J.: 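Dumping the structure here so I can ask a few things about it.
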Amino acid sequence: MRLNADIVFDHLPESLSPRMQGVKESAMRLRRPELYETGCRELEPDHLYVIREERLPQRVTVGKGCVIVCIGNSARLRWFAEHCCVITISGSADFYAVFNTVQRIFQHYDLWEDTLYNIISDDASVEAMLEASQQVIPASMLVVDAMFGCVAAVGKQAERAVAAGGGETVPSFVPATKRISVSSMDQFLATHDPSTEVSGAFRFEFEDMSTINVNLIDAEGYHGCLTVIYPDSEPKPGDSPTIEFLASLVLRALRQQGLDPDSERSALRDSLRAIVSDLPPDAYGKAALQAASERGTYVCVRLKLAHKLRQIPLAYVRNLLEADIAGTVAFEYRRSSLVAFVRLDDLAEEGSRRTALEQMLMPLLRSMEMRAGMSDHVGDLLEAKAFFLQASIALENGTLLDPDASPLYKFQDYALAEMVVNSIGQFPIEMFYTSGLRKLVAHDAESPTSYIKTLKCFLDHNMNVTHTAKALYLHRSTLIERMERIRELLGDDLSDPDVRLRLALVFKAIELHDDMQDRFEERSGSTWL
């Protein structure tokens with residue numbers, strides 16, 4: 001197993017009076033110790049050399065990541081320290097004893113690595129891996145999963161944390177038998193501030209202890225975290241890369257156990273993710289989609305967290321949905337939102353299934369300040385992309401047009417708005433005005449009476465004079481006279497359904513434009529173009 005300079009230095013006995021200086025690498029690429037051979041003109045990259053100070057070479061090329069363990073001190077070490085890492089040992093130390101000491105450090109880590117791989121090949125017990133790791137990291141250790149439930153814990157502090165669920169003297173980790181509830185998530189985040197997007201080791205400071213943490217992340221996203229607790233001592237510099245190595249093998253063990261024990265749902269998830277990302281599913285995935293489609297009807301729901309809660313792992317929300325709503329298959333989409341396909345058939349009697357789903361989703365959406373878009377019914381999961389687009393359209397348009405309404409937006413409520421926006425495209429709305437409509441706009445610019453508003457209300461009430469007059473608080477005869485003037489300026493036959501449709505689309509586009517303008521100005525104080 002390869003190490004780094006910090007790990008070697010951390011394990012050298014104090015009796016050797018070790019000191020470290022120079023340029024060092026944090027990556028674990030350092031090879032086993034070698035004896036420096038007289039006359040050698042190159043110290044190779046990532047090699048560790050043991051040498052006495054009087055045998056330091058006069059002229060030599062030093063490779064990146066090279067480490068020199070020098071017995072004794074010398075003025076020439078200043079030059080070496082500018083090019084590599086130098087660890088000096090007491091000049092009275094026995095050369096072969098030093099060499100064997102460094103050799104034993106590597107052997108110790110080799111034995112640890114072999115033990116971890118043997119555990120993975122046996123039953124992949126995470127707890128056994130943590131226990132075996134205490135020979136190189138003498139501290140309490142804890143692994144939590146994406147639901148923040150405890151997978152394994154060893155050591156006094158970790159076991160206390162799991163048993164007590166936190167307290168005054170230990171971090172409030174999750175009890176082994178339960179996950180963090182949605183209602184407790186804010187408090188958990190306030191205590192831990194977990195950076196679940198971070199790769200590599202990071203540190204949390206508590207009142208009377210420190211922890212080093214490494215997220216368990218792969219292409220699927222966040223699967224949990226390895227935490228090492230230091231209640232009575234400071235972490236050593238070499239601990240972080242060692243813990244990162246352990247975390248990589250813990251994640252491997254979790255994969256072997258099956259991050260998703262339901263292989264059928266896993267295949268369905270992979271296939272749906274592929275279709276949504278415009279990739280073709282493989283033959284096995286296509287069969288899984290067809291089989292699932294035969295078992296029932298789905299809807300697609302796309303969910304987004306509020307900005308201030310985006311540190312919550314999407315994997316947590318995904319697992320929450322799949323655990324609490326039977327027949328749900330969910331996955332992260334572009335690391336910014338969650339896509340869920342929910343089977344409706346088992347939720348309630350036919351005719352009330354969507355209502356039942358809404359009732360199940362609303363507490364989650366409100367407690368986690370999420371917004372979601374919901375598609376129409378999905379009869380064939382091979383067409384998942386179209387329904388994903390429906391859910392996305394509902395989420396985007398609903399968030400923009402109705403930010404203060406229910407956080408669950410349905411596609412059909414925003415289908416017309418999407419049709420109008422797409423029909424207008426990048427053209428200014430005025431490009432679609434008829435010559436008569438331009439005359440009405442010109443009239444309104446010079447008059448307190450709006451012909452545009454009158455015409456729109458007339459069309460909205462199916463050209464019913466009585467209902468329109470009532471809506472505008474006008475006398476019937478007044479409306480009739482005004483509509484005659486509007487018809488003269490408009491020059492179009494309102495009995496023609498195509499004319500009415502065109503006008504209705506233009507009026508809807510104006511309404512949407514005004515709504516977007518108002519929303520944008522509320523957010524930024526500037527003009528929306």
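Predicted model, so just to flag it, every value in this text is computed and none were measured. Heavy atoms only: backbone and side chains are in, while hydrogens, waters and symmetry mates are out.
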J.: Which residue pairs pass the side chain to side chain donor-acceptor pair (under 3.5 Å) test when at least one of the two sits in residues 9-26, sequence neighbours left out?
T.: D6-K24
J.: Between I217 and S199, which heavy-atom pair has the shortest distance, and what is it?
T.: CD1-OG, 4.4 Å
J.: Would you say NZ of K286 has more than 12 non-hydrogen atoms from neighbouring residues, nucleotides or ligands within 6.0 angstrom?
T.: no
J.: Indicate yes or no: at least one non-hydrogen side-chain atom of K304 is less than 4.5 angstrom from one of T399.
T.: no
J.: So, do L321 and L364 sit near enough that their side-chain heavy atoms are less than 4.5 Å apart?
T.: yes
J.: Is the backbone of A152 close enough, under 3.5 Å, to the side chain of E127 for a donor and an acceptor to pair up by distance?
T.: no
J.: Can you check whether Q135's main-chain N or O pairs, donor with acceptor, with H108's side chain at less than 3.5 Å?
T.: yes
J.: To check you understand the geometry: which heavy-atom pair defines the closest contact between L395 and A372, and what is its length?
T.: CD1-N, 3.7 Å
J.: If only atom types and distance count, is the side chain of D110 paired as donor or acceptor with the main-chain N or O of M1 below 3.5 Å?
T.: yes
J.: Show the numbers, then the answer: is there a side chain to side chain contact (heavy atoms under 4.5 Å, CB included) between Y333 and F388?
T.: CA-CA 11 Å; Y333 181 73; F388 163 75; 3.6 Å; yes
J.: Output the distance between atom OH (Y409) and atom CG (N397), rounded to the nearest 0.5 Å.
T.: 10.5 Å
J.: So I325 and L347, side chain to side chain contact (heavy atoms under 4.5 Å, CB included) or not? Walk me through it.
T.: CA-CA 8 Å; I325 304 179; L347 299 184; 4.1 Å; yes
J.: Any donor-acceptor pair under 3.5 Å linking the side chain of Q256 with the backbone of I120?
T.: yes
J.: Answer whether the closest heavy-atom distance between the side chains of L289 and P281 falls below 4.5 Å.
T.: yes
J.: If you define the side chain from C-beta out and look only at heavy atoms, does anything of C85 sit under 4.5 Å from M20?
T.: yes
J.: Calculate, to the nearest 0.5 Å, the distance between atoms CD1 and CZ belonging to I243 and F202 respectively.
T.: 11.0 Å
J.: Enter the distance from L408:CG to R366:CZ here, rounded to the nearest 0.5 Å.
T.: 9.5 Å
J.: Do N213 and T211 have side-chain atoms, one donor and one acceptor, less than 3.5 Å apart?
T.: yes
J.: Quick test of your reading of the model: are E322 and R265 salt-bridged, counting only N-O distances below 4.0 Å?
T.: yes
J.: Ion pair present between R2 and D46, side-chain N to carboxylate O less than 4.0 angstrom?
T.: no
J.: Determine whether more than 12 heavy atoms belonging to other residues, nucleotides or ligands lie under 6.0 Å from atom CD of E37.
T.: no
J.: Please determine whether side chain to side chain contact (heavy atoms under 4.5 Å, CB included) holds for the pair L43 and H83, giving the CA-CA distance in whole Å, both sets of side-chain angles, and the decisive distance to 0.1 Å.
T.: CA-CA 11 Å; L43 301 182; H83 297 83; over 6 Å; no
J.: Could you walk me through whether L246 and V214 pass side chain to side chain contact (heavy atoms under 4.5 Å, CB included), step by step?
T.: CA-CA 9 Å; L246 173 59; V214 179; over 6 Å; no
J.: Could you tell me which non-hydrogen atom of A139 sits nearest to which non-hydrogen atom of I229, and how far apart they are?
T.: CB-O, 3.4 Å
J.: Under the rule for ring-ring contact (aromatic ring centres under 6.0 Å, His included), what residues qualify as partners of F331, not counting sequence neighbours?
T.: none
J.: What is the minimum heavy-atom distance between I119 and S125, and which atoms define it?
T.: CG2-O, 3.5 Å
J.: Is there a donor-acceptor pair under 3.5 Å between the side chain of D270 and the backbone N or O of A267?
T.: no
J.: Anything under 3.5 Å between a donor and an acceptor, one on a side chain of residues 72-80, the other on a protein residue two or more places apart or in another chain? List them.
T.:
unit_1 : atom_1 : unit_2 : atom_2 : d
S74    : OG     : R76    : N      : 3.2
R76    : NH1    : L56    : O      : 2.6

J.: Does some side-chain heavy atom of L3 sit less than 4.5 Å from a side-chain heavy atom of F245?
T.: no
J.: Do any N or O atoms from the side chain of E82 and from the backbone of G22 form a donor-acceptor pair under 3.5 angstrom?
T.: no
J.: Distance from M129 atom CE to L116 atom CG, nearest 0.5 Å?
T.: 5.0 Å
J.: For the residue pair M374 and L357, establish whether any side-chain heavy-atom pair is separated by less than 4.5 Å.
T.: yes
J.: Evaluate the side-chain proximity of P18 to I89: yes if any heavy-atom separation is below 4.5 Å, no if none is.
T.: yes
J.: Would the distance check show the side chain of Y49 and the main-chain N or O of E44 forming a donor-acceptor pair, the cut-off being under 3.5 Å?
T.: yes
J.: Taking R302's backbone N and O only, do any of them form a donor-acceptor pair with R371's side chain (distance below 3.5 Å, no angle check)?
T.: no
J.: Y109 vs W112 aromatic rings, parallel, tilted or perpendicular, using cut-offs 30° and 60°?
T.: perpendicular
J.: When you measure from the side chain of R269 to the backbone N and O of A330, does any donor-acceptor pair fall under 3.5 Å?
T.: yes
J.: Can any side-chain N or O of S293 pair as donor or acceptor with the backbone N or O of L381 at less than 3.5 Å?
T.: yes
J.: Looking at every heavy atom in both P235 and R203, which two are closest together, and how far apart are they?
T.: CD-NH2, 3.6 Å
J.: Of the non-hydrogen atoms in F411 and S375, which two are nearest, and what is the gap between them?
T.: CB-CA, 4.3 Å
J.: When you compare the side chain of V50 with that of F95, does any pair of heavy atoms fall below 4.5 Å?
T.: yes
J.: Should we say atom CZ of R52 is surrounded by more than 12 heavy atoms from elsewhere, each under 6.0 Å from it?
T.: yes
J.: What's the spacing between L272 CG and F387 CZ if we round to 0.5 Å?
T.: 12.5 Å
J.: Measure the OG1-CZ distance between T101 and F106 for me, rounded to the nearest 0.5 Å.
T.: 13.0 Å
